[in-house]
Structures are given as C-alpha cells and as structure tokens.
Amino acid sequence: TRSTRPQRLLKAVQKNATRGDPQSVISAIDHFCRHSEWAMNIGDEKVVNELNPEKVLELGTYCGYSTVRIARLLPPGARLITLEFNGDYAAIARQVIAWAGLEDKVQLVEGASEDWIPRMKEHFGIETFDLVFLDHWKDRYLPDTKLMEDCGLLRKGTVLLADNVICPGVPDYLQYVRNSLSYKSCYFKSHLEYTKAEDGLEKSVFLG
Ligand SMILES: O=C(CSCCNC(=O)c1cc(-c2ccc(F)cc2)cc(O)c1O)c1ccc(O)c(O)c1
Ligand SMILES: [Mg+2]
C-alpha cells in the first residue's frame, strides 16, 4: 500500500538530517514541507522565543516537528510532555524525536488529552506547567484549557501558546482567553505554515 505523508516525512528526515542534530531535523522537515508535500507542522515562521520553560505540555504532536523545535531549546533537567491521539502519528513522532537525539527531554504519550490532563500529577509528578502549546483538534482547545484550570495545572504566569487561531481557526477559544479576566492575551500574526494564507499564534498568560 502507498506510504503515508508522515512516513514520507520521516524518510526525508532520516535521509537529509544528521542524527543527534535537532536543527538539521527541523531544516529537513521545513524543506520537505516547502518543496515536497505540505504538512500541518507549525512551520518556520510562527515563532515565539522569549520563553524559558522548565515544564512544557504540548497538545498534538503530529510528526514531532514542534516538539523538536521546543525541546531543543530546553535547559538540562527541563521536560516536555507531548500528547498525541493518533497512534500512526505517534509512531512517526517517536522516531523523529529520537533522530534529533531529544528522547531524554521528551515524553510522548499516546491517548486523548481529556484522559491524560487529569493524570499529570499522579502519573508524571507535574504540579503545574510553565508553557502549554495547543496544536491539536481545534474544538479541544477550549475544553482542555478549562480542564487544565480545573486540574490546577496552570499557575500565575503559565503561558498558553495556541497555533492556528485563524486557520483553521479556534473562535470559541479566542473569545474565552481574550475576554476572561484570568488571562492576558495577545496575537502574533503570521501565515499558515508554508503558505501565504493568514494564520497566527495566540499567547495567553494565566493570571491565576
Ligand atoms: O488530525 C488530527 C487531529 S490533531 C491535528 C490537529 N491539527 C490540525 O488539524 C491542523 C490543521 C491545519 C490545516 C489543515 C488544512 C488546511 F487547509 C489548513 C490548515 C494546520 C495546522 O497547523 C494544524 O495543527 C487527527 C487526530 C486523530 C486521528 O485519528 C486523525 O486521523 C487525525
Ligand atoms: Mg497547527
């Protein structure tokens, strides 16, 4: 049977990137997405770098591109937990993360975000997160944010970074974080990865 796009993306990484070199993995995926096949990676334009998180939660791993982008910047001892619902995507992402040599900083968990968010404390020993990157199903951004609030996983200053707030768009989430007194929110205008379509990131700081 024909290979899948994630499988072809992984092949491109194994062919063009150097083992243990996260930047070469990122460049190989960017090249694949620009010149071979578009894929729903956050891309090389949507960037917010002034953060220095120790404990990071990523919702929606896909092939691990944003996982590598974030984890490569983490200081020793810092950890990134990434949740992926789709088993096929998770299998590819594990290999991309390993190729980048970042498996010691990253824990990839297969399953639904609503099942795993309530288990962060007892299963991973995580009290609160410093940064949460939302890039999974767009209709899960708002319910999962409310769930993280209810589970006490957000602290004063926790940063929520949401991808695709324009395309495909997350109107209910945007309305919430922009109107809630518990968040200070701002929009980073950009483009949908590898295209000219408008998209952007919403950065929302939890005020406690
Ligand atoms: O795909 C999922 C849900 S997670 C991926 C969410 N991310 C997106 O959907 C996403 C989409 C776009 C985008 C796509 C087409 C466009 F024309 C424009 C934009 C861009 C992004 O940056 C994204 O992050 C899944 C889960 C479990 C399964 O079993 C399964 O088959 C599939
Ligand atoms: Mg996205």
Side-chain angles (χ1 to χ4, degrees), residues 1-10 12-13 25-26 28-49 51 56-73 80-97 106-117 131-145 147-148 159-174 176-177 185-204:
T1 55
R2 184 169 147 67
S3 67
T4 65
R5 178 167 305 180
Q7 285 168 334
R8 293 191 293 274
L9 180 147
L10 173 62
V13 166
V25 169
I26 292 164
I29 295 174
D30 284 335
H31 188 275
F32 174 82
C33 292
R34 281 198 186 289
H35 305 293
S36 307
E37 304 178 56
W38 183 91
M40 58 182 165
N41 309 122
I42 189 165
D44 52 359
E45 195 187 320
K46 290 187 268 189
V47 173
V48 176
N49 262 343
L51 316 164
V56 182
L57 174 63
E58 176 179 63
L59 302 176
T61 317
Y62 188 44
C63 294
Y65 173 85
S66 52
T67 319
V68 171
R69 288 201 61 149
I70 297 169
R72 87 186 197 281
L73 300 171
L80 190 161
I81 295 173
T82 182
L83 301 185
E84 177 50 58
F85 175 85
N86 180 316
D88 298 330
Y89 295 171
I92 297 293
R94 279 191 210 290
Q95 297 172 78
V96 169
I97 292 160
V106 175
Q107 280 177 279
L108 194 158
V109 182
E110 227 175 290
S113 47
E114 63 270 25
D115 296 340
W116 279 99
I117 286 171
L131 169 66
V132 181
F133 177 55
L134 297 95
D135 193 19
H136 59 330
W137 270 314
K138 308 315 164 194
D139 60 3
R140 292 294 321 168
Y141 282 29
L142 182 52
D144 284 344
T145 297
L147 183 58
M148 287 187 288
V159 172
L160 302 188
L161 201 53
D163 190 27
N164 310 117
V165 296
I166 304 299
C167 176
V170 277
D172 61 344
Y173 173 81
L174 270 194
Y176 179 71
V177 289
S185 205
C186 60
Y187 174 62
F188 290 79
K189 183 174 160 44
S190 184
H191 294 92
L192 173 66
E193 47 267 26
Y194 317 111
T195 76
K196 295 196 174 1
E198 179 177 346
D199 190 18
L201 293 168
E202 186 80 2
K203 178 184 166 191
S204 310

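Just so we're clear, the structure is a prediction, and the values are computed from it rather than from any experiment. Just follow the structure's listing: the first ligand is 1, and inside any ligand the first atom is 1.
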Legend entry - Check: Trp137 N/O within less than 3.5 Å of ligand 1 N/O: no

Inset, instruction - Return yes when Gly60 approaches ligand 1 closer than 4.0 angstrom through a heavy atom, no otherwise. - result: no

Legend entry - Asp199/Lys196 ion pair, N-O < 4.0 Å: no

Inset, instruction - Kindly determine whether Asp88 and Thr4 satisfy side chain to side chain contact (heavy atoms under 4.5 Å, CB included), including the steps that lead there. - result: CA-CA 9 Å; Asp88 298 330; Thr4 65; over 6 Å; no

Inset, instruction - Report yes or no: do Asp30 and Tyr194 form a side-chain donor-acceptor pair below 3.5 Å? - result: yes

Inset, instruction - With heavy atoms of Cys167 as the reference, note each atom of ligand 1 found under 4.0 Å away. - result: 18 (C)

Inset, instruction - Could you tell me whether any N, O or S atom belonging to Asn164 is less than 2.8 Å from the Mg ion (ligand 2)? - result: yes

Legend entry - Phe85 neighbourhood, listing ligand 1 atoms whose heavy-atom distance to it stays under 4.0 Å: 27 (C)

Inset, instruction - Answer yes or no: is there a side-chain heavy-atom contact under 4.5 Å between Leu9 and Glu37? - result: no

Legend entry - Protein heavy atom at shortest distance from atom 23 (C) of ligand 1: Asn164 OD1, 3.3 Å

Legend entry - For ligand 1, the portion of Leu192 having any non-hydrogen atom under 4.0 Å away: side chain

Legend entry - Ligand-side contact atoms (ligand 1) for residue partner Glu193, heavy atom cut-off under 4.0 Å: 20 (C), 21 (C), 22 (O)

Legend entry - Closest approach of any protein heavy atom to atom 28 (C) of ligand 1, naming residue and atom: Asn86 ND2, 3.2 Å

Legend entry - Sub-4.0 Å protein heavy atom near atom 17 (F) of ligand 1: no

Inset, instruction - Heavy-atom contacts with Lys138 under 4.0 Å: which atoms of ligand 1 show up? List them by number with element. - result: 6 (C), 7 (N), 8 (C), 9 (O), 10 (C), 23 (C), 24 (O)

Legend entry - Nearest neighbour in protein (non-hydrogen) for atom 32 (C) of ligand 1: Tyr89 OH, 3.6 Å

Legend entry - Atom name of the N, O or S atom in Asp135 that lies nearest to the Mg ion (ligand 2): OD1

Inset, instruction - Before signing off on this row, confirm whether Trp38 and ligand 1 have an N or O atom pair separated by under 3.5 Å. - result: no

Inset, instruction - Would you please indicate yes or no on a ring centroid separation below 6.0 angstrom for His136 and Tyr141? - result: yes

Legend entry - Residue selection (non-hydrogen contact nearest atom 9 (O) of ligand 1) among His136, Arg140, Met40: Met40

Inset, instruction - Identify the two heavy atoms, one from Glu198 and one from Cys167, that lie closest to each other, and give their separation to 0.1 Å. - result: O-CB, 3.6 Å

Inset, instruction - Might you work through the side chain to side chain contact (heavy atoms under 4.5 Å, CB included) test for Leu142 and Val170, ending with a clear yes or no? - result: CA-CA 8 Å; Leu142 182 52; Val170 277; over 6 Å; no

Inset, instruction - Examine ligand 1 and decide if any of its atoms is less than 4.0 Å from a heavy atom belonging to Tyr65. - result: no

Legend entry - Validation row: Tyr187, Ile166 side chains within 4.5 angstrom (heavy atoms): yes

Legend entry - Protein contact to atom 24 (O) of ligand 1 [nearest heavy atom, distance to 0.1 Å]: Asp135 OD1, 2.8 Å

Inset, instruction - Specify side chain, backbone, both or neither for Tyr62, according to which of its non-hydrogen atoms lie closer than 4.0 Å to ligand 1. - result: neither

Inset, instruction - Would you mind listing which atoms of ligand 1 come within a distance below 4.0 Å of any non-hydrogen atom of Asp163? - result: 22 (O)

Legend entry - Lys/Arg-Asp/Glu bridge criterion (N-O < 4.0 Å) met for Glu110, Arg94: yes

Legend entry - the Mg ion (ligand 2) to Asp163: nearest N/O/S atom name: OD2

Legend entry - Exercise: identify the closest heavy-atom pair between Cys63 and Pro6: SG-CB, 3.6 Å

Legend entry - Nearest heavy-atom neighbours spanning Phe32 and Ala12: CD1-CB, 3.7 Å

